[in-house]
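Here the structure is laid out as structure tokens; the discussion comes afterwards.
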There are 2 protein chains.
Amino acid sequence: MSKVEKRDEIFRAALELIAEHGFHGAPMAMIAERAGVGAGTIYRYFENKDVLITELYSEIEGRIYPVIMEGYPEIKAFRERFLHLGTALLRYFIENPLDFRYLEQFHNSPYGVEFRRDRLLGEIEERFVFRELFEVGIAQQVMKDVPLAILFALAFGPLLSVARDHILGFVTLDDDLIARTIEACWDAVRR
Amino acid sequence: MSKVEKRDEIFRAALELIAEHGFHGAPMAMIAERAGVGAGTIYRYFENKDVLITELYSEIEGRIYPVIMEGYPEIKAFRERFLHLGTALLRYFIENPLDFRYLEQFHNSPYGVEFRRDRLLGEIEERFVFRELFEVGIAQQVMKDVPLAILFALAFGPLLSVARDHILGFVTLDDDLIARTIEACWDAVRR
DNA sequence: TAATATGGAATGAACGTTCATTCCATATTA
DNA sequence: TAATATGGAATGAACGTTCATTCCATATTA
């Protein structure tokens, strides 16, 4: 295994274990075993467990932005822009359940609170696109004139909730249901 | 301190510490200290930490139902019923931030996953009222005809998200903003 | 080219610490 | 006085991290 591969294996193992069992269900020894490396080896790649957890978070964040932005710039109509981003994000989550669960674990932990200080939720670039879109929406009076945080809640709250329910098997989302869910979110935020 | 008082003190201490710092930021010794009892004493009232955590959850659940049901039975119009329950729940959360944060911690932990198996989220009686209301709403064609889990997500997702943002200080909810938020949730679920 | 030396990566046993739980001498209650 | 409750020290399991040692690809030497 090359250096990069080994680092990736550690990431993968940590992602799997933490997404499924939480931070405390993923001891370093178990991560090492699943990654196929010695326990001490992890510390050659990551200073400590906190750093591993935080860097893995950034890694996952970095994967999402390009995916949801695919095809986005060409869309001009406001409503369709909203639907595109919402659908793409929801799709990403249900297609990458480990990533989703990891983000959830992270956000609902002491790590996450710190992060949410300056960006309410989600990835920083990603969040930037949404913020921009929402600010235009308010200015053009197509969206409700409420604080951004509330628009975010109306748009992302259901999205996260629905993604989790799908992943846990409480509901099965198909294309039709995804579309109707995002449209319902649109109903919530539009004027 | 009487037996009941002591039990209450343990509950209060556990609630405070867990709501603020999570389950792992609340060691039994710390709970005991804050409750003003010996570490061993807790085990006279609760078999172990799991039982303490689970019973505290039930305790909090039990407080919510009567509050949100106050005045509810007299309301006949469907939309107003929805707004009443939503508003009452959101109000309860922002007036009882420790309760809210505890429920969040619980739901986002291995304890919570188990609980969500048979009731998607929230208290069992509470959930029952909502389920009943939503089923009527679908039958009468005033709500969107999507799976219950999705209606729950559309109604509660934003509610939880907004409550958290308020408690963390990212937004300040006044009566007007609460009303507009719940009305936006209504827009999401209604036909 | 073959034999040897080198340095840094990898290993996993060992260590210190944290924590839930138990134990038991003492205090309180009936 | 007997029965019960209390508190906090003691226990042992679990965990993150360290570190002496091994391993191995590459460089150096003969």
Side-chain angles (χ1 to χ4, degrees), chain A residues 1-59 102 105-106 108-114, chain B residues 1-59 101-102 105-106 108-115:
Chain A
M1 251 194 297
S2 77
K3 270 189 100 162
V4 174
E5 281 170 347
K6 206 159 275 189
R7 195 182 142 95
D8 281 350
E9 279 306 308
I10 294 167
F11 263 162
R12 183 205 315 284
L15 173 60
E16 287 176 14
L17 288 168
I18 292 171
E20 278 176 51
H21 306 113
F23 296 115
H24 298 276
M28 292 297 261
M30 208 182 282
I31 293 172
E33 194 191 13
R34 170 129 7 163
V37 302
T41 306
I42 295 179
Y43 291 85
R44 296 204 54 78
Y45 292 87
F46 305 97
E47 195 188 330
N48 54 42
K49 194 177 184 182
D50 272 26
V51 168
L52 167 59
I53 286 168
T54 306
E55 289 196 10
L56 178 50
Y57 179 80
S58 302
E59 162 86 14
Y102 188 89
Q105 297 277 5
F106 190 88
N108 296 309
S109 74
Y111 304 105
V113 175
E114 200 183 309
Chain B
M1 250 195 296
S2 77
K3 272 190 99 160
V4 174
E5 280 171 349
K6 207 161 275 189
R7 196 183 141 95
D8 281 350
E9 279 306 307
I10 294 167
F11 262 162
R12 182 206 315 286
L15 173 60
E16 288 176 12
L17 287 168
I18 293 170
E20 278 176 50
H21 307 113
F23 295 114
H24 297 278
M28 291 298 259
M30 209 183 281
I31 293 173
E33 194 191 11
R34 171 132 3 165
V37 303
T41 305
I42 296 179
Y43 290 85
R44 295 206 54 78
Y45 293 86
F46 305 96
E47 196 187 330
N48 55 42
K49 194 177 184 181
D50 272 26
V51 168
L52 167 60
I53 286 169
T54 307
E55 290 196 8
L56 179 50
Y57 179 78
S58 302
E59 162 85 14
R101 299 261 271 150
Y102 187 90
Q105 298 277 2
F106 190 89
N108 296 309
S109 73
Y111 303 106
V113 175
E114 200 183 309
F115 263 70

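Sequence lines set the chain letters: A, B, ... in the order given, protein chains first and strands last, and positions in each chain run from 1. Values reported hereafter were calculated over all heavy atoms of this structure, with side chains retained and with hydrogens, waters and symmetry mates removed.
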Discussion item. Let's see if you get this right: which residues in residues 17-27 of chain B place a heavy atom under 4.0 Å from DNA chain D?
Written reply: none
Worksheet item: Roughly, in whole Å, what's the span from CD1 in B/Ile42 to C1' in C/dC19?
Response: 12 Å
Practice prompt. Taking ring pair (Phe, Tyr, Trp, His ring centres under 6.0 Å) as the test, write out the residues that go with A/Tyr43, two or more places apart.
Written response: none
Discussion item. A/Arg44: which residues meet the side chain to side chain contact (heavy atoms under 4.5 Å, CB included) condition with it, sequence neighbours left out?
Written reply: none
Worksheet, complete the sentence: In whole angstroms, the gap separating P of C/dA20 from CG of B/Leu52 amounts to 11 Å
Worksheet item: Sequence neighbours excluded, which residues qualify as side chain to side chain contact (heavy atoms under 4.5 Å, CB included) partners of B/Ala14?
Response: B/Ile18, B/Ile31, B/Leu52, B/Leu56
Worksheet item: Do any side-chain nitrogens or oxygens of A/Tyr45 fall under 4.0 Å of OP1 or OP2 in C/dA10?
Response: yes
Worksheet entry | Secondary-structure stems, DNA chain D, at least 3 Watson-Crick or G-U base pairs under 3.5 Å | C:1-30 with D:1-30
Fill in: Protein-nucleotide distance (A/Met28, atom CE; D/dT17, atom P), rounded to Å
6 Å
Worksheet, complete the sentence: To the nearest angstrom, the CD1-C1' distance between B/Ile31 and D/dT6 comes to 18 Å
Worksheet item: How many Å lie between CD on B/Glu33 and C1' on C/dC19, as a whole number?
Response: 15 Å
Worksheet entry | Between P of C/dA20 and OH of B/Tyr43, the distance in whole Å | 7 Å
Response to the item:
Residue set satisfying ring pair (Phe, Tyr, Trp, His ring centres under 6.0 Å) with A/His21, at least two apart, ordered chain then number -> none
Fill in: Interatomic distance where CD belongs to B/Glu47 and P belongs to C/dA20 [whole Å]
16 Å
Fill in: Pairs touching residues 49-59 of chain B that satisfy salt bridge (Lys or Arg N to Asp or Glu O under 4.0 Å), sequence neighbours left out
B/Arg7-B/Glu55, B/Glu59-B/Arg63
Worksheet item: How many Å lie between CD on B/Glu9 and P on D/dT6, as a whole number?
Response: 13 Å
Fill in: Set of side chain to side chain contact (heavy atoms under 4.5 Å, CB included) partners for A/Glu47, sequence neighbours left out
A/Val51
Worksheet item: According to a strict under-4.0 Å criterion, is B/Lys49 in side-chain N/O contact with OP1 or OP2 of C/dT21?
Response: no
Item to complete: Indicate the ring-plane relationship of A/Phe106 and A/Tyr57, choosing parallel, tilted or perpendicular according to the 30° and 60° boundaries.
Response: parallel
Worksheet item: OP1, OP2 of D/dT6 versus side-chain N and O of B/Lys6: anything below 4.0 Å?
Response: yes
Could you go through nucleotides 12-16 of chain C and list every protein N or O atom that sits under 3.5 Å from one of its N or O atoms, giving the distance for each pair?
unit_1: C/dG12; atom_1: N7; unit_2: A/Gly40; atom_2: N; d: 3.2

Discussion item. Taking B/Lys6 first and then B/Glu9, would you say they form a salt bridge - that is, a charged N and a carboxylate O separated by under 4.0 Å?
Written reply: no
Practice prompt. Can you label the angle between the A/Phe46 ring and the A/Phe11 ring as parallel, tilted or perpendicular, going by 30° and 60°?
Written response: tilted
Discussion item. For B/Ala32, give me all partners under side chain to side chain contact (heavy atoms under 4.5 Å, CB included), at least two apart in sequence or on another chain.
Written reply: B/Val37, B/Ala39, B/Ile42
Item to complete: Check every atom of D/dA5, D/dT18, C/dT21 against the side chain of B/Arg44 and return the nucleotide holding the closest atom.
Response: D/dA5
Fill in: salt bridge (charged side-chain N to carboxylate O under 4.0 Å, His left out) against B/Glu33, all qualifying residues, sequence neighbours excluded
none
Worksheet item: Under the salt bridge (charged side-chain N to carboxylate O under 4.0 Å, His left out) test, which residues partner B/Glu20, sequence neighbours left out?
Response: none
